[in-house]
Number of protein chains: 2
Amino acid sequence: MIDVKTLCLGVLSRGDASGYEIRKEFEEGPLSHFSDAGFGSIYPSLKRLLDDGQITMLPHNGDGRPDKKLYRITPSGRHALYQALIKPPSADKLRSDLMFILSFGHLLPPRHLDRIIGDRISDYRHLIATLEVEGSTAHRTPGERFVEGMGLALYRAVATYLEEHRHELVAAALMESQVA
Amino acid sequence: MIDVKTLCLGVLSRGDASGYEIRKEFEEGPLSHFSDAGFGSIYPSLKRLLDDGQITMLPHNGDGRPDKKLYRITPSGRHALYQALIKPPSADKLRSDLMFILSFGHLLPPRHLDRIIGDRISDYRHLIATLEVEGSTAHRTPGERFVEGMGLALYRAVATYLEEHRHELVAAALMESQVA
DNA sequence: TCGTTATATATCGTACCGATGCATCACTTG
DNA sequence: CAAGTGATGCATCGGTACGATATATAACGA
């Protein structure tokens with residue numbers, strides 16, 4: 001798996017940013033669908049990237065705010081990023097608490113089961129609606145559009161599957177609960 | 001996110017198993033699509049579960065093999081599992097190196113781009129074919145069938161999207177490389 | 001003016017992941 | 001039959017990452 005240092009280099013390759021802004025990118029931007037990093041990983045990474053000379057810290061023009069450190073990628077950093085990008089990508093990884101839980105569906109109260117599935121469906125439907133609006137307004141590179149499209153396709157597939165098979169699972173749980 | 005201790009309890013709730021067999025479950029079984037755990041997490045977890053009295057170690061009948069420790073879940077362990085299962089599930093998480101790389105598609109050689117996408121498509125197509133055979137033979141609980149179906153639906157969505165949009169991205173990269 | 005949200009940096013403990021080491025058994029291949 | 005290969009099985013260790021938390025200021029509506 002690509003490490004957080006490389007993820008940060010990726011964000012900085014698009015323009016200068018602070019640690020906070022990098023975080024936001026993983027929370028909201030097109031990269032958010034398939035990458036993630038929290039402060040606890042970003043700040044140590046930036047420190048190490050500085051030490052390695054792959055980024056530099058811009059001198060903050062002392063006038064207004066003393067905080068906010070802006071970082072800029074160096075040629076060495078771009079090279080490191082490129083090297084990481086052309087390495088064969090490792091397999092995709094999906095982690096889902098919900099799916100783990102549902103695989104034990106027969107042990108759970110049918111009503112509860114129905115509720116958590118319903119909740120998740122509306123989560124995804126909201127997310128999809130948001131992305132559909134954003135996608136038409138924000139302008140993106142071809143790569144970003146591709147990735148965002150993949151995210152949308154995946155979310156739709158999940159929501160649709162949940163909608164179409166929800167009742168099967170709940171019905172099975174109901175049978176189970178009547179036996180017990 | 002659900003921790004590895006709980007994941008182990010989940011596997012053991014279906015029957016006694018060794019650490020190695022638990023690992024296999026996350027590598028091949030229906031749980032493999034949305035959960036994961038390696039030896040480095042499983043063995044320490046089993047140790048802690050033993051200490052907490054949520055599992056017991058079966059006495060290996062000393063005849064043949066001295067290795068292979070079999071573990072069995074206790075009532076206390078089943079309770080802990082249930083408590084974890086009824087907690088509201090955290091959001092799904094997708095991690096994909098490939099998508100990160102493709103979001104920088106315009107920086108990469110078009111031929112390379114085309115190759116890694118093609119490779120991934122055939123990976124998924126093979127996986128899908130395997131699952132389609134397995135799904136009809138192996139017998140599963142309703143929950144397991146549900147989760148396996150979701151896995152299949154997702155893999156199909158990914159493969160289809162890659163196939164349908166591959167050329168767009170490669171074309172954009174080609175334009176870019178001709179400008180530079 | 002007061003509470004809440006957003007901006008912003010940073011650390012600390014824990015959990016986790018990947019790599020590695022070791023040993024045995026079964027199977028196959030020369 | 002020997003030798004190698006791959007599966008079974010246990011275990012640890014170092015590095016990395018995650019989640020929670022602390023702190024402080026700016027902005028903004030009630």
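Chain naming here is simple, since letters A, B, ... match the order of the sequence lines and numbering starts at 1 in each.
Straight-line distance from the OH atom of Y71(A) to the P atom of dA10(C): 6 Å, rounded to whole Å. Protein atom NZ of K68(B) is 17 Å distant from nucleotide atom C1' of dA11(D), rounded to whole Å. The nearest whole Å value for the distance from the NZ atom in K69(A) to the P atom in dT25(D) is 16 Å. At whole-Å resolution of the value, CG in L50(B) and P in dA11(D) are 10 Å apart. Atom CD of E28(B) is separated from atom P of dA7(D) by 10 Å (rounded to the nearest Å). One can place CG of L49(A) at 11 Å from P of dA17(D), the figure rounded to the nearest angstrom. Distance E27(A) CD to dG19(D) P: 12 Å, rounded to the nearest Å. Rounded to whole angstrom, the span from the CG atom of L46(A) across to the P atom of dT11(C) amounts to 12 Å.
Here E28(B) does not pair with R23(B) in a salt bridge; the nearest charged N to carboxylate O distance is not below 4.0 Å. For E21(B) and K68(B), the salt-bridge test passes: some basic side-chain N is under 4.0 Å from an acidic carboxylate O.
Heavy atoms of R23(A) sit nowhere under 4.0 angstrom from any nucleic acid atom. Contact annotation for K47(A): backbone-only contact, meaning every heavy-atom pair under 4.0 Å involves sugar-phosphate atoms and none involves a base.
For the pair R95(B) and F34(A), the cation does not sit on the ring face, since its NZ or CZ is not both under 6.0 Å from the ring centre and inside 45° of the axis.
Criterion: ILVMFWY side-chain heavy atoms under 4.5 Å apart, direct or through other members. Under it, L169(A) and M175(A) are not part of a common hydrophobic cluster. Hydrophobic cluster membership is shared by F26(A) and L127(A), with clusters built from Ile, Leu, Val, Met, Phe, Trp and Tyr side chains linked at under 4.5 angstrom.
More than 12 heavy atoms of other residues, nucleotides or ligands lie within 6.0 Å of NE2 in H167(B), so this atom counts as buried by the packing criterion.
Among the nucleotides dA8(C), dC16(C), dA17(D), the one closest to any side-chain atom of D3(B) is dC16(C). When distances run from any side-chain atom of Y43(B) to the nucleotides dA11(D), dA8(C), dC17(C), the shortest one goes to dA11(D).
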If you restrict it to nitrogen or oxygen atoms, what contacts under 3.5 Å exist between nucleotides 18-23 of chain C and the protein, and what is each distance?
unit_1: dG18(C); atom_1: OP1; unit_2: K93(A); atom_2: NZ; d: 3.4

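Residues Y20(B) and Y43(B) place their aromatic rings such that the two centres sit no closer than 6.0 Å.
Along DNA chain D, the nucleotide nearest to R95(B) and the one nearest to Y20(B) differ in position, and the one closer to the 5' end is contacted by Y20(B). Between A37(B) and K24(A), the residue whose closest nucleotide on DNA chain C is further toward the 5' end is K24(A).
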